[in-house]
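Working notes, beginning with the structure itself.
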Amino acid sequence: MFPIETISAKMLDYYVGRSDALIIDLRDAGSYNKSHVKGAVNVPYGELEGEYDFPKEKLLVFYCDRGGASMAAAREFVRRGYRTRSVIGGFAAYRGRNLVISR
């Protein structure tokens, strides 16, 4: 069992714009297009299966809608040798200053 580091939704702002981190939104494309954290890339959770590769030198910060999928993704990528964080409470808990809303 690999220990997974978790962060609060509030801490997401700390990772926005950092060159050493990659924020990954695991929600479906429709939800991402409506709103997401600035700079996050959208990779729906179902698409992570197989050998999805991210840059190994980056810290992967996963968030989903409520936190369950991001925990599972973080656990899988730690097993593959990545450094990860999972957001507790997911996007539903995020109230930060880096919210992008599409109209």
Side-chain angles (χ1 to χ4, degrees):
M1 186 79 174
F2 296 98
I4 304 304
E5 288 195 46
T6 58
I7 61 169
S8 69
K10 185 177 185 178
M11 281 296 297
L12 263 171
D13 285 336
Y14 175 74
Y15 295 98
V16 171
R18 285 182 41 177
S19 62
D20 65 335
L22 180 61
I23 301 172
I24 303 161
D25 185 322
L26 298 172
R27 300 172 305 143
D28 63 80
S31 296
Y32 174 85
N33 289 334
K34 287 180 186 174
S35 60
H36 58 272
V37 175
K38 182 173 146 186
V41 297
N42 182 226
V43 182
Y45 181 74
E47 294 179 17
L48 285 178
E49 294 185 16
E51 292 302 314
Y52 208 98
D53 288 320
F54 296 107
K56 285 273 192 183
E57 70 278 2
K58 301 252 185 193
L59 172 67
L60 305 182
V61 181
F62 292 102
Y63 73 86
C64 59
D65 189 43
R66 303 239 176 246
S70 64
M71 182 62 82
R75 185 173 291 117
E76 173 60 23
F77 279 85
V78 161
R79 190 184 65 72
R80 295 184 195 181
Y82 290 85
R83 295 176 304 124
T84 68
R85 301 289 183 275
S86 175
V87 177
I88 297 170
F91 189 74
Y94 182 70
R95 303 288 182 268
R97 66 183 177 274
N98 289 292
L99 180 64
V100 175
I101 300 174
S102 299
R103 299 197 190 276

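D13 CG to N98 CG: the interatomic distance, rounded to the nearest 0.5 Å, is 4.5 Å. Rounding to the nearest 0.5 angstrom, the gap separating the CD1 atom in I4 from the CZ atom in R75 is 5.5 Å.
A continuous path of Ile, Leu, Val, Met, Phe, Trp and Tyr side chains, each step under 4.5 Å between heavy atoms, connects L99 with I7, placing both in one hydrophobic cluster. Hydrophobic cluster membership differs between V100 and F91, with clusters built from Ile, Leu, Val, Met, Phe, Trp and Tyr side chains linked at under 4.5 angstrom. Hydrophobic clustering of Ile, Leu, Val, Met, Phe, Trp and Tyr side chains at less than 4.5 Å, counting indirect connections, unites L59 with V37.
By the 30° and 60° cut-offs, the orientation of the rings of F77 relative to F54 is tilted.
Screening residues 56-70 for salt bridge (Lys or Arg N to Asp or Glu O under 4.0 Å) gives no qualifying pairs among residues at least two apart or on separate chains.
Looking at every heavy atom in both residues, A69 comes nearest to C64 through N-SG, 3.5 Å. Scanning all heavy atoms of the two residues, the minimum distance from S86 to G67 falls at OG-O, 4.1 Å.
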In residues 18-26, what donor-acceptor pairs under 3.5 Å come from side-chain atoms, sequence neighbours left out?
residue, atom, partner, partner atom, Å
R18, NE, D20, OD1, 2.9
R18, NH1, Y14, OH, 3.1
R18, NH2, D20, OD1, 3.3
R18, NH2, D20, OD2, 2.7
D25, OD1, R27, N, 2.8
D25, OD1, R27, NE, 3.0
D25, OD2, R27, NE, 3.2
D25, OD2, R27, NH2, 2.7
D25, OD2, Y63, OH, 2.7

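Of the possible donor and acceptor atoms, one in the side chain of Y32 sits under 3.5 Å from a partner among the backbone N and O of A40.
Side-chain atoms of I88 and S8, non-hydrogen and from C-beta on, never get closer than 4.5 Å to each other. Using a 4.5 Å heavy-atom cutoff, the side chains of Y82 and D53 are in contact.
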